[in-house]
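Remarks on the structure that follows.
All values below come from the heavy atoms of this structure, side chains included, with hydrogens, waters and symmetry mates left out. All values reported here derive from a predicted model rather than from experimental measurement. In each ligand, atom 1 is the first atom listed, and ligand 1 is the first ligand listed.
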Amino acid sequence: MFSPPPMRVGPLTIETPVILAPMAAVTDLPFRTVCEEHGVGFTITEFLSAHALSAGDPKTHAKMTASLGGRAFGVQIFGREAAAMQEAARLAVSIGASLVDINMGCPAKRVVAGECGSALMREPEVAQALVRAVVEAVPANVPVTVKHRAGWDQAHRNAPEFACALVEAGAQMITVHGRTRTQGFSGKSDLEIIRLVREALPAHIPLVGNGDVVDVEGYVRMREATGCDAVMIGRGAMGNPWLFARLREVAAGRPDPGPPSLLERRAIFRRHVGLIRELRDNKRILHEVRKACAWYAKGLHGCNALRIAVWETPDIDGACALVEAYFADLIAHHDGRVAA
Ligand SMILES: Cc1cc2nc3c(=O)[nH]c(=O)nc-3n(C[C@H](O)[C@H](O)[C@H](O)COP(=O)(O)O)c2cc1C
């Protein structure tokens with residue numbers, strides 16, 4: 001069975017080489033916690049504007065949260081002003097971040113319009129200067145890392161050179177999502193460009209492969225085809241933190257425990273909702289609970305009707321009661337073991 005070693009990023013050891021992808025409006029503290037409890041190796045906050053953090057914006061600050069229980073975590077920042085990036089990185093360190101990741105992959109128009117995110121792949125020297133500035137701002141034991149794409153467009157797939165330039169500037173881990181900026185989320189993440197980045201980088205710099213991994217087979221394929229040191233998973237983890245429990249076993253060379261039973265799915269739903277109630281601010285709880293209801297019923301019999309009913313229910317307890325009744329009914333019919 002395939003059993004890779006833990007990944008080292010400077011002084012940080014990531015035992016299970018599987019990372020939850022930063023995702024805006026998704027990887028909040030409740031979801032990161034659920035994933036950690038299911039065995040993900042490391043989590044990173046969603047991308048946070050360095051400008052907003054340095055200007056003291058309370059909404060952005062509220063998203064910069066330390067993992068519970070003293071678990072190691074990363075903070076991702078984006079921007080292009082060195083001073084703001086330095087201030088944001090210092091703030092991340094002040095809440096205990098084990099690494100500071102710089103976003104150079106976001107394709108969103110509003111981010112690219114500000115010449116941030118993936119736009120930096122067109123300006124390697126500016127990108128290098130930002131890495132140097134952030135490295136200078138944080139203590140030597142806090143690695144600065146970068147997540148970027150394959151390139152700007154099909155004609156400019158510069159990920160290997162770009163990654164090497166960032167490492168020369170002081171980056172200690174690179175994550176590559178194998179799509180270009182112009183692809184957005186269309187087409188497929190290209191494993192070959194990730195392999196080329198692995199080939200180009202110095203051996204001691206870990207490379208994280210990202211894009212389209214939604215199951216155990218995809219994880220093994222990403223590792224084998226690219227030689228990457230860890231795999232980052234985003235969309236495939238939504239409503240499916242159990243995937244991390246499966247990958248933890250597979251990564252340790254043990255058999256895949258398979259998908260969760262209905263009872264286990266319900267338990268994850270309850271835990272996630274409990275964390276949302278405990279950790280999110282009051283205004284967002286109903287929205288987040290509705291999202292969780294849809295996530296954990298996805299793919300099960302009658303999930304669409306449930307989702308609509310939950311969305312029409314005006315209060316949290318009512319929404320949860322619908323999901324409880326839904327699972328109770330499914331479990332009664334399937335003995336708790338069979339996911340429909
Ligand atoms: C809703 C959503 C929000 C995202 N937000 C971020 C982000 O804040 N920072 C980042 O680096 N990438 C972000 N991404 C990109 C993911 O981290 C990841 O690179 C991409 O989804 C490909 O991986 P996947 O196929 O496993 O989802 C986001 C993706 C999605 C779907």
task = Answer yes or no: does atom NE2 of H38 have more than 12 heavy-atom neighbours from other residues, nucleotides or ligands under 6.0 Å?
result =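 Result for NE2/H38: enclosed.
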task = State, to 0.1 Å, how close S189 and D212 come at their nearest heavy-atom pair, and which atoms those are.
result =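 Closest heavy-atom pair between S189 and D212: N-OD2, 2.9 Å.
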Least distance between heavy atoms, R290 atom then V310 atom =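 Heavy atoms only, the tightest pair is NE-O, 3.5 Å.
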One residue to check: [X]. Relative to ligand 1, which of side chain, backbone, both or neither has a non-hydrogen atom less than 4.0 Å away?
X    : value
R179 : neither
N103 : side chain
M23  : both
R235 : both

Distance under 4.0 Å to a non-hydrogen atom of [X]: what atoms of ligand 1 satisfy this?
X    : answer
A21  : 17 (O)
D212 : 24 (P), 25 (O), 26 (O)
G211 : 23 (O), 25 (O)

Contact check: [X] vs ligand 1, nitrogen or oxygen atoms, below 3.5 angstrom:
X    : value
P22  : yes
M238 : no
A24  : yes
E46  : no
G234 : yes

query = Which of parallel (below 30°), tilted (30 to 60°) and perpendicular (above 60°) describes F162 and H148?
reply =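 Because their plane-to-plane angle is over 60°, the rings of F162 and H148 count as perpendicular.
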Selected option - heavy-atom contact closest to atom 16 (C) of ligand 1, from K63, K147, K188, H148 =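 Comparing heavy atoms across K63, K147, K188, H148, the nearest one to atom 16 (C) of ligand 1 lies in K147.
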message = Which option wins on minimum heavy-atom distance to atom 19 (O) of ligand 1: N210, V111, I19?
response =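 Checking each option, the heavy atom nearest atom 19 (O) of ligand 1 is found in N210.
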query = Is a side-chain donor or acceptor of D28 paired with a backbone partner of F31 at a separation under 3.5 angstrom?
reply =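 Such a contact is found between D28 side chain and F31 backbone.
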request  = Indicate yes or no for a side-chain donor-acceptor contact from T313 to the backbone of A309 under 3.5 Å, with no hydrogens or angles considered.
outcome  =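 Yes.
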ask   = Just checking, any donor-acceptor pair under 3.5 angstrom between side chains of T43 and E36?
value =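 Present: a donor and an acceptor within the cut-off.
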task = Group every Ile, Leu, Val, Met, Phe, Trp and Tyr by side-chain heavy-atom contacts under 4.5 Å, then state whether L48 and V93 land in the same group.
result =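 Linked within one cluster.
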